[in-house]
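Protein chains get the first letters and strands the later ones, always in sequence-line order, with residue 1 at the start of each.
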2 protein chains.
Amino acid sequence: MPDKSADSKRRVTIVDVAKAAGVALSSTSAALNNRPGVSDKTRRRIVAKAEELGYTPSLRGRSLSSKRTFSIGLVIQRDIDVLESDPFFGSFITGIEEVISHKDYALVLQISKSERETLERYRKLSSDGRVDGVFLNELKINDARAELVRELGLPAVAINSANSLQFPNVRQDASIPFRQLTELLISQGHTNIGHVSGPQEFLHSYVRQHAWEQTMHLHGLRIGPVFHGDFTYEGGKRAASTMMRQTPRPTAVVCSNDLMAVGFIQGCKDLGLRIPQDVSVTGYDGIALSTYIRPTLVTAQTNPRHLAREAAEMLMQIVDGGHPENRTIPPASIVLGNSVGRAPHK
Amino acid sequence: MPDKSADSKRRVTIVDVAKAAGVALSSTSAALNNRPGVSDKTRRRIVAKAEELGYTPSLRGRSLSSKRTFSIGLVIQRDIDVLESDPFFGSFITGIEEVISHKDYALVLQISKSERETLERYRKLSSDGRVDGVFLNELKINDARAELVRELGLPAVAINSANSLQFPNVRQDASIPFRQLTELLISQGHTNIGHVSGPQEFLHSYVRQHAWEQTMHLHGLRIGPVFHGDFTYEGGKRAASTMMRQTPRPTAVVCSNDLMAVGFIQGCKDLGLRIPQDVSVTGYDGIALSTYIRPTLVTAQTNPRHLAREAAEMLMQIVDGGHPENRTIPPASIVLGNSVGRAPHK
DNA sequence: CTGAAAGCGCTTACAG
DNA sequence: CTGAAAGCGCTTACAG
């Protein structure tokens, strides 16, 4: 018998505990789960016995009978090469973990490479019964996940969704910092201010661009050129090489995220333009990279970890049968780097 | 009755399929899982019925009876603030997913903030019966997880472990690229070459430093100064401000990873040193950031995604009762940036 | 408060 | 090849 591995030691079950304590199964279950239905005295005896036997409840057993998985799902859709440099990712997951691990829930993480695959993942998470709820993160305009998840009856909480969605939502409003960033540029004398946007299908791209536009109008300025980027460094670089060759070129550019802003700055440098003497640039996110580069970036510090914590708490409530109110966390606060200066004289 | 949610529609079970097809439960199970024990004709009839009824097997039911979870676990231990800028993370997870999602396995991801918590996580993953196997990633010297996991009887595969560990292992040898990087510097006339290491407790810190040392000796050179870093940007910056104030200061520095190398370069710039005219710098990892900075970094391109794919395949084999051989993937290849130049004349 | 029983949805010997 | 039955480890009415 070469195999004396762990398989041999049979698991201690709740039945063993019940027998050892000399009480019924139901009493044992109630005692161990802090449910009413047992006297304090018996409860204590049962709990002691359980500890003595080294009983630890089987998730599989609980799952089947309680029809819960004690897991929640997060599906992240990314182009492969982008994932690596994505700051949102790690922070967001950390925030989720901070909440759910204390509730004995676990995170099932899936990576998807296309919208079709993403929908397939949600569908399968549901049909397998693998999770009790999911996040609706990085929503697109008319995101197909919303209808799917509703149809599947899968509990969900949305992150920064439009209010129209029928899911509990947590948001950190980007329009305030984008207004502030735009006004900062205006206050420095800039009048021709461009925008490097994210992909048009994303809700958050839209919100950010809209805030920039509104602020320009508010101050009686015509909106500058817009480049439709993709949230990547390379996209930012391309934006610079396109936008900054126009005449007249903008003297300042509001970028939809930090990574593009950093790429934009490099693109400007490659064209021989100085930051901020020739061009002022702002970002959004507050990633570490924005403090590594020179000049350091003017941006707004978002808080994905906080956002995730709120979202996870809401999802835990839903899973427990609750109906949480929508939540809002404070808007990202402006971080003053050195990438913004006074508008150059004409 | 206000609630007409998804709860109302009862799940289609294998019993329903068996009844509808007019056969026994066992035949149905065999047919649906492509196990022998049913005639081809009945199998087809059963499969057709299952599809007709929209049957999709319940993971919970399967789990309980098969004593499998169809999940594997990855525990990542990080200081909170480091996680965000960690490139390893996203790539590694992507690699895992590429393998397991096709096998109907899912990844349970946990974030831990201390070694104590990490051990607790492994312990709980095992006692809950939440996963069928785990990764032993980012191993420390005498890593306590190894003994724990063995004791728990938890199937595991190790990433870049020392050979002495009794787990199937996949590695990408770092000593080759570190020798090459060191020799590149030597070939440029450098003789006083320093090293910025990772935390001493990590196996991979040790391997990298050792390769640098060996190469120096091989070429009859005395090893230069060593700074014990922490793999962060700030750590690299501190290394520069400490090491580059010494007299004589090294003319080249081999950093244990890219993030520290990037910080080191910034630290040098802050001291008024030019890269590579005054100091040459190398990294390791090949993160995107290394191409964003100027000068671009000389480094080695690792492949965490590939590493993860191999590891995940091995874990899948173990879970299926196999005993995979150790694997090796090709070493990271040198990426020539502009951070290395000829040694300055004395 | 306590106990015996059914059930969650599968898999797997075992007998025919 | 096919079928009836037990079992995985829990929870949850239900009756006492």
Side-chain angles (χ1 to χ4, degrees), chain A residues 7 9-47 49-50 53-71 104 126-130 132 319-321, chain B residues 7 9-47 49-50 53-70 104 126-130 132 320-321:
Chain A
D7 285 355
K9 51 180 171 194
R10 204 178 62 80
R11 167 168 210 120
V12 177
T13 75
I14 197 172
V15 175
D16 301 324
V17 177
K19 276 187 189 150
V23 298
L25 197 51
S26 51
S27 311
T28 311
S29 176
L32 261 22
N33 291 294
N34 279 315
R35 261 185 280 109
V38 238
S39 68
D40 249 36
K41 203 180 133 199
T42 352
R43 182 187 303 273
R44 269 194 295 276
R45 190 155 47 89
I46 293 171
V47 169
K49 259 304 175 218
L53 297 179
Y55 169 72
T56 145
S58 155
L59 203 64
R60 291 197 271 271
R62 284 183 77 192
S63 286
L64 186 56
S65 65
S66 68
K67 304 203 169 200
R68 277 210 201 183
T69 63
F70 304 96
S71 303
D104 283 346
S126 169
S127 67
D128 282 352
R130 199 183 263 286
D132 297 335
V319 160
D320 283 336
Chain B
D7 287 355
K9 51 179 170 193
R10 204 179 61 81
R11 170 170 206 116
V12 177
T13 75
I14 196 172
V15 176
D16 300 326
V17 177
K19 275 187 188 148
V23 298
L25 197 51
S26 50
S27 312
T28 312
S29 176
L32 260 22
N33 291 294
N34 278 314
R35 262 186 278 108
V38 237
S39 66
D40 248 37
K41 202 180 134 199
T42 351
R43 183 188 302 274
R44 270 197 294 276
R45 188 155 46 91
I46 293 172
V47 170
K49 259 302 176 219
L53 296 179
Y55 169 72
T56 145
S58 155
L59 204 63
R60 292 197 272 270
R62 283 182 76 192
S63 285
L64 185 56
S65 65
S66 69
K67 304 203 168 199
R68 277 212 198 180
T69 62
F70 304 96
D104 283 346
S126 169
S127 68
D128 282 353
R130 198 182 262 286
D132 297 334
D320 284 337

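Listed by chain and number, the residues in a ring-ring contact (aromatic ring centres under 6.0 Å, His included) with F70(B) are Y105(B) (sequence neighbours excluded).
Pair assignment for dA13(C): none, as no Watson-Crick or G-U wobble contacts are both less than 3.5 Å.
Here the closest non-hydrogen pair linking V38(B) and A30(B) is CG2-CB, 3.8 Å.
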| message | What does the B/S/- profile of nucleotides 8-14 of chain C look like, 5' to 3', with a 4.0 Å heavy-atom cutoff to protein? | response | BBBBBB-
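A side-chain N or O of S71(A) and one of R130(B) form a donor-acceptor pair less than 3.5 Å apart.
Looking at heavy-atom distances under 4.0 Å, S63(B) makes no contact with the nucleic acid at all.
The pair D40(B)-R45(B) does not count as a salt bridge, with every side-chain nitrogen at least 4.0 angstrom from each carboxylate oxygen. By the 4.0 Å N-to-carboxylate-O rule, K49(A) lies too far from D16(A) to be salt-bridged with it.
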